[in-house]
Amino acid sequence: MKILVQAFWLLFFYLLGLGVSLLIGGIIPGSVLGMVLLFIALALGWLKAERVSRIAELLIDNMVLFFLPAAVGLVTSVGLISANLVAILVAAAVSTVLIVAAVAVTQQRMEIRKRKRKIKAAGHETR
C-alpha cells in the first residue's frame, strides 16, 4: 500500500505539471514541469523525501527499461543516422564543449562567492 501512496505523489506532480503546461500554452512539456514542481516541493519541505523514496528507488533500479524503446528506435533508424552522422557528431561536440564551459564558469563563480563569504565571516573586508 505504501508504494501506491508514493506512486500517487509522483502522478500528482506529473498531472500538476501537465495542467501548468496547458495553462502556459505547452511551451514547456508537462512532465518537465512536474519534475520541477516535485523538486520545489521537496526542496521547500512541503513533501518529505520519505514519501517518494521507495518508488523513486524502484524506478531508478529499473531505468534501463525506459531506454529500450529509444534504443530500438535508433537501431531502426541506422540509415537516417548514418546519412546525418557528421551533423550529429558536430552538434554533440559543440554542445559538450558549451556545457563544460558553462559548468566551469559557474563553478568558478561559486568558489569565488564561497571564498568571499568565508573572508567576510572571519571579519575581513572584501571588495
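Below, all heavy atoms of this structure are taken into account, side chains as well, without hydrogens, waters or symmetry copies. Since this is a predicted model, take the numbers as computed values, not measurements.
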Engineer: Starting at CZ of Arg113, measure out to NZ of Lys118 and round the result to the nearest 0.5 Å.
Structural biologist: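 If we round to the nearest 0.5 Å, Arg113:CZ and Lys118:NZ are 16.0 Å apart.
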
Engineer: In terms of hydrophobic clustering (I, L, V, M, F, W, Y; side-chain heavy atoms under 4.5 Å; direct or indirect links), are Val94 and Ile99 co-clustered?
Structural biologist: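 No, no single cluster joins them.
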
Engineer: With side chain to side chain donor-acceptor pair (under 3.5 Å) as the rule and sequence neighbours excluded, what pairs involving residues 96-108 come up?
Structural biologist: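 Listed once each, the pairs are Gln107-Glu111.
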
Engineer: Give a yes or no on whether Ile55 and Met63 share a hydrophobic cluster (residues Ile, Leu, Val, Met, Phe, Trp, Tyr; joining criterion: side-chain heavy atoms under 4.5 Å apart).
Structural biologist: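 Linked within one cluster.
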
Engineer: Is there a path from Phe8 to Met35 through hydrophobic residues (I, L, V, M, F, W, Y) whose side chains come within less than 4.5 Å of each other?
Structural biologist: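 No, Phe8 and Met35 fall in different hydrophobic clusters.
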
Engineer: Do you know which two heavy atoms are closest between Arg51 and Gln6, and how far apart they sit?
Structural biologist: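 For Arg51 versus Gln6, the nearest heavy atoms are O-CG, 2.7 Å.
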
Engineer: Taking all atoms of both residues into account, what is the closest heavy-atom pair of Leu38 and Leu47, and its distance?
Structural biologist: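 Heavy atoms of Leu38 and Leu47 come nearest at CD1-CD2, 3.6 Å.
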
Engineer: Atom CG of Leu80 and atom CG of Leu74: how far apart are they, to the nearest 0.5 Å?
Structural biologist: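 So the gap between those two atoms works out to 10.5 Å.
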
Engineer: Give, for atom CZ of Arg115 and atom CD1 of Ile119, the distance between the pair rounded to the nearest 0.5 Å.
Structural biologist: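 If we round to the nearest 0.5 Å, Arg115:CZ and Ile119:CD1 are 7.5 Å apart.
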
Engineer: Can you tell me how far OG of Ser77 sits from CG of Asn84, rounded to the nearest 0.5 angstrom?
Structural biologist: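 Output value for this atom pair is 11.0 Å.
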
Engineer: Would you say the side-chain atoms of Ser82 pair up with the backbone N or O of Gly79, donor to acceptor, closer than 3.5 Å?
Structural biologist: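 Looks like yes, one N/O pair under 3.5 Å.
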
Engineer: Determine whether more than 12 heavy atoms belonging to other residues, nucleotides or ligands lie under 6.0 Å from atom CZ of Phe39.
Structural biologist: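 It does not: Phe39 CZ has 12 such atoms or fewer within range.
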
Engineer: Let me check something: any side-chain donor-acceptor pairs from residues 9-32 under 3.5 Å, sequence neighbours excluded? List them with distances.
Structural biologist:
residue : atom : partner : partner atom : Å
Ser21   : OG   : Ile28   : O            : 2.8

Engineer: Check whether Val97 and Val105 end up in the same hydrophobic cluster, where Ile, Leu, Val, Met, Phe, Trp and Tyr are linked by side-chain heavy atoms less than 4.5 Å apart.
Structural biologist: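 Val97 and Val105: separate clusters.
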
Engineer: Determine whether Val78 and Leu89 fall in the same hydrophobic cluster, where Ile, Leu, Val, Met, Phe, Trp and Tyr are linked whenever their side-chain heavy atoms lie under 4.5 Å apart.
Structural biologist: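 They do not share one cluster, since no chain of ILVMFWY contacts under 4.5 Å joins Val78 to Leu89.
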
Engineer: Mind checking the CG-CZ spacing from Leu59 to Phe66? Nearest 0.5 Å is all I need.
Structural biologist: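 That separation rounds to 5.0 Å.
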
